[in-house]
Amino acid sequence: MDQKTLARWLKAVIIGTGICGLVVFLWLVPFMGKGVLEGYPEFGSWYLPWLIFLEISALPCFGVLYLGWRIAGNIGQDRSFSMENASFLKKIAYCAAGDTIYFFIGNIALWLCGMSHPGVVLASLVIDFVGIAVSVAAAGLSHLLEKAAKLQEESELTI
């Protein structure tokens, strides 16, 4: 597979992921929340804080998709091993870590305010673990890509 084809596939996956994210955060989360309210009207005061909390947690995810789009563009232009891509991956690692910290602290805060259940907090630890795993993987890839970019630069200078 050549670089341009790979870049097109990556962009298609990014578009698909973005559409799925929009469906989840703009339709599924509010729909499920209203479903919970119908079954348990005593949780009516929890709906808006949880909705705002979850919608804010989506913002870094869409930022990561934008950075992935930029990486795919560089791959399509045959600049796979570049310091720019390493920088994008580092920003992805920071976004994932920041979103994970926000999600963890937000869950604890909502629980302490009496708007959550300890089981929800424990279940959210799985999401937190995935976020940290993504952050570490992106940081590791950023480091390796930085080394590869330096090696490529050195080899281009060699006659």
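Just so you know, these numbers use all the heavy atoms, side chains as well, and skip hydrogens, waters and symmetry mates.
For Glu84, the salt bridge (charged side-chain N to carboxylate O under 4.0 Å, His left out) partners at least two apart in sequence or on another chain are Arg70, Arg79. For Lys150, the salt bridge (charged side-chain N to carboxylate O under 4.0 Å, His left out) test picks out Glu146, with sequence neighbours left out.
Note on residues 38-55: no pairs pass salt bridge (Lys or Arg N to Asp or Glu O under 4.0 Å), not counting sequence neighbours. Sorted by first and then second residue, the ring pair (Phe, Tyr, Trp, His ring centres under 6.0 Å) pairs with a member in residues 104-153 form an empty list; sequence neighbours excluded.
Under the 4.5 Å side-chain heavy-atom criterion for Ile, Leu, Val, Met, Phe, Trp and Tyr, Leu59 and Leu54 are members of distinct hydrophobic clusters. One hydrophobic cluster, built from ILVMFWY side chains closer than 4.5 Å, holds both Tyr66 and Leu10. Under the 4.5 Å side-chain contact rule for hydrophobic residues, Phe43 and Val120 share a cluster. Grouping the Ile, Leu, Val, Met, Phe, Trp and Tyr side chains by contacts below 4.5 angstrom, directly or via other members, places Ile75 with Met1. Under the 4.5 Å side-chain heavy-atom criterion for ILVMFWY residues, a single connected hydrophobic cluster contains both Ile127 and Ile52.
Of all heavy-atom pairs spanning Ser57 and Pro60, the tightest one is O-CD, 3.5 Å. The shortest non-hydrogen separation linking Ala96 to Val134 is CB-CG1, 3.9 Å. Between Ala7 and Ala72, the shortest heavy-atom distance links the atoms CB-O, 3.2 Å. For the pair Pro30 and Leu51, the tightest heavy-atom approach, listed with the atom from each and the gap, is CG-CD1, 3.9 Å. Ser82 and Asn74 get closest at one heavy-atom pair: OG-ND2, 4.3 Å. Nearest heavy atom pair, residue Leu65 against residue Gly18, reads CD1-CA, 3.5 Å.
Rounding to the nearest 0.5 Å places CD1 of Ile108 at 7.0 Å from OG of Ser124. Atoms CG and CZ, from Leu141 and Phe88 in turn, are 15.5 Å apart once rounded to the nearest 0.5 Å. Atom CG in Asp2 sits 10.0 Å away from atom CG in Asp78 (nearest 0.5 Å).
Judged by distance alone, the side chain of Asn107 and the main-chain N or O of Phe103 form a donor-acceptor pair under 3.5 Å. Put simply, the side chain of Tyr47 never gets that close to the backbone of Val36: no donor and acceptor are under 3.5 Å apart. The main-chain N or O of Ser80 is found under 3.5 Å from a side-chain atom of Asn85 such that the two form a donor-acceptor pair. Side chain of Trp46 to backbone of Leu110: no donor-acceptor contact under 3.5 angstrom is found. Listed for the Thr17 side chain is a donor-acceptor partner under 3.5 Å among the backbone atoms of Val13. Distance alone, capped at 3.5 Å, places no donor-acceptor pair between the Ser135 side chain and the Gly131 backbone.
As a member of the Ile/Leu/Val/Met/Phe/Trp/Tyr network built from side-chain separations under 4.5 Å, Tyr94 groups with nothing else and remains a singleton. Apart from Met83 itself, the hydrophobic cluster it occupies contains nothing, where clustering links Ile, Leu, Val, Met, Phe, Trp and Tyr at side-chain heavy-atom distances under 4.5 Å.
The side-chain heavy atoms of Val29 and Trp50, taken from C-beta on, include no pair separated by under 4.5 Å. For the pair Trp69 and Ile15, the minimum side-chain heavy-atom distance is below 4.5 Å.
Atom NZ of Lys11 has more than 12 neighbouring heavy atoms from other residues, nucleotides or ligands inside a 6.0 Å radius.
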>> Determine whether Ile92 and Ile71 satisfy the following criterion, side chain to side chain contact (heavy atoms under 4.5 Å, CB included), listing intermediate values before the conclusion.
In response: CA-CA 11 Å; Ile92 288 172; Ile71 291 171; 4.1 Å; yes
